[in-house]
Amino acid sequence: MTNRVYNFNPGPAVLPEPVLKEVQENLMALPGVGMSILEISHRSSTFENILNETIENLRKLANIPSNYKILFLGGGASLQFSMVPLNLMPPKNKADYIVTGSWSKKAVKEAKRVGQVNIAASTEEENFKRIPKQEELKLDPDAAYVHYTSNNTIFGTEWHYIPEVGDVPLVCDMSSDIFSYPFDVSKYGLIYAGAQKNLGPAGVTIVIIREDLLERSQDSLHTMLNYKIHAENNSLYNTPPVFAIYVVGLVAKWLLNLGGLEAIAKINDEKAKLIYDAIDNSNGFYRGHAEKDSRSKMNITFRLPSEELEKKFVKEATEQGLVGLKGHRSVGGLRASVYNAFPIEGAKALVEFMKDFQNKNS
Ligand SMILES: *Cc1c(COP(=O)(O)O)cnc(C)c1O
């Protein structure tokens with residue numbers, strides 16, 4: 001097999017090797033079908049079984065209650081920045097947004113086209129290095145919903161609590177930490193996530209929506225932007241991203257075989273701890289961007305003493321098969337994305353490299 005590097009890319013990102021192997025083995029022809037997953041009809045019983053099995057496995061993984069629908073949509077998580085307000089804001093036409101990074105800001109931008117946006121909290125003045133505390137949230141009890149981003153992929157911060165929002169439906173962009181730990185779906189009205197970080201390949205977005213909220217989708221909406229239509233058609237109103245859904249199904253099975261979300265959370269804790277310990281024990285050579293109690297277990301952001309050293313770090317790490325570590329330009333420095341499928345051996349290899357690099361350059 002071709003040599004694989006340690007892939008720290010923020011998304012699209014690393015996939016589990018057993019999943020890639022199964023895709024490869026069955027790519028020419030699905031067992032008993034004689035056609036590739038890339039060739040079958042989305043109306044075939046083969047695909048319908050794949051779709052329904054994927055839904056059932058996701059339901060099992062996160063204990064998703066039966067009064068929630070699971071949808072597979074196109075357009076990326078970014079289309080949800082528009083679909084959420086278009087479907088859920090009327091008739092009140094106002095919503096609360098908690099702004100903790102670039103993706104939250106993009107969500108706000110689209111929501112403002114639909115109605116009134118109340119910024120319930122923002123940590124932008126502190127360059128998004130922390131998550132606001134519950135006491136800081138200025139929530140409107142009459143808002144149509146509250147929107148937040150559970151993990152800030154670019155800044156490397158993550159919510160370690162679910163905001164308390166009373167009876168107002170809670171909407172969450174979970175694109176970069178969904179299924180990385182057990183979470184209580186019943187606390188949410190709607191959850192969405194682009195697949196390409198923790199769930200599968202690019203091309204499909206998962207929406208988990210509480211059924212009563214489907215009643216908010218008005219008939220006047222464009223059909224393809226209407227949650228209710230997608231729910232009534234089990235995501236088969238038009239041709240869904242067949243291949244991407246198939247791979248999400250394999251990833252869900254992989255997670256279940258591993259022992260589910262408790263098991264993956266333990267592994268994720270271990271990986272993140274290895275790298276954060278390396279930062280904290282470096283006598284200030286490495287400096288984390290996020291405040292300690294806001295640290296992300298998926299995207300670990302850190303700086304070096306100079307931009308020159310940061311460039312050197314990226315270059316030399318890449319040469320050693322540690323790939324995708326360059327941080328986003330809005331934070332600078334380094335970012336190690338260690339999603340579910342990222343192997344613990346890769347975290348250990350990074351820690352070794354960090355120690356070695358510090359010894360040679362300080
Ligand atoms: C990557 C990302 C997005 C954007 O996803 P697309 O599928 O590219 O539209 C949105 N929100 C978060 C938190 C992300 O990490």
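Whatever order the structure lists ligands and atoms in, that order sets their numbers, starting from 1. Numbering starts at 1 and runs along the sequence shown.
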Notebook entry, point to check: Can you get from Val146 to Val108 by hopping between Ile, Leu, Val, Met, Phe, Trp and Tyr side chains that sit under 4.5 Å apart?
Noted result: no
Check: Does the gap between the ring centers of His42 and Phe47 come in under 6.0 Å?
Finding: no
Check: Among protein heavy atoms, which sits nearest to atom 15 (O) of ligand 1, and what does the distance come to when rounded to 0.1 Å?
Finding: Thr153 OG1, 2.4 Å
Check: How does Gln196 reach ligand 1, if at all, at less than 4.0 Å between non-hydrogen atoms: by side chain, backbone, both, or neither?
Finding: side chain
Note to self: Is there a side chain to side chain donor-acceptor pair (under 3.5 Å) between Asn299 and Thr153? Walk through the geometry before answering.
What the structure shows: CA-CA 6 Å; Asn299 311 97; Thr153 326; 4.6 Å; no
Note to self: Under a 4.0 angstrom heavy-atom cut-off, which atoms of ligand 1 come close to Asn151?
What the structure shows: 13 (C)
Check: Looking at CZ of Phe313 and CZ of Phe353, how far apart are the two atoms once the value is rounded to the nearest 0.5 Å?
Finding: 5.0 Å
Notebook entry, point to check: Of the protein's non-hydrogen atoms, which lies at the shortest distance from atom 11 (N) of ligand 1, and what is that distance?
Noted result: Asp173 OD2, 2.6 Å
Next item on the list: Record the part of Tyr192 in heavy-atom contact with ligand 1 below 4.0 Å; permitted values are side chain, backbone, both and neither.
Entry: neither
Check: Has the side chain of Asn340 got a donor or acceptor atom that lies under 3.5 Å from a matching backbone atom of Phe179?
Finding: yes
Check: atom 9 (O) of ligand 1: which protein heavy atom is closest, and how many Å away?
Finding: Ser78 OG, 2.6 Å
Note to self: Using a 4.0 Å cut-off to any heavy atom of Gly76, which atoms of ligand 1 qualify?
What the structure shows: 7 (O), 9 (O)
Check: Do we get Lys197 above Trp103's six-membered ring, with its NZ or CZ under 6.0 Å from the centre and within 45° of the axis?
Finding: yes
Next item on the list: Would you mind listing which atoms of ligand 1 come within a distance below 4.0 Å of any non-hydrogen atom of Thr149?
Entry: 13 (C)
Margin query: Under a 3.5 Å distance rule, please check whether Glu39 uses its side chain to pair with a backbone N or O of Ser36 as donor and acceptor.
Written below: yes
Check: Taking only heavy atoms of Lys197, which atoms of ligand 1 are found under 4.0 Å from at least one of them?
Finding: 1 (C), 2 (C), 3 (C), 14 (C), 15 (O)
Notebook entry, point to check: Under 3.5 Å between some N or O of ligand 1 and some N or O of Ala77?
Noted result: yes
Item checked: Numbered atoms and elements of ligand 1 in range of Phe81, under 4.0 angstrom, heavy atoms -> 10 (C)
Item checked: Ionic contact status for Lys228 with Glu215, cut-off 4.0 Å -> yes
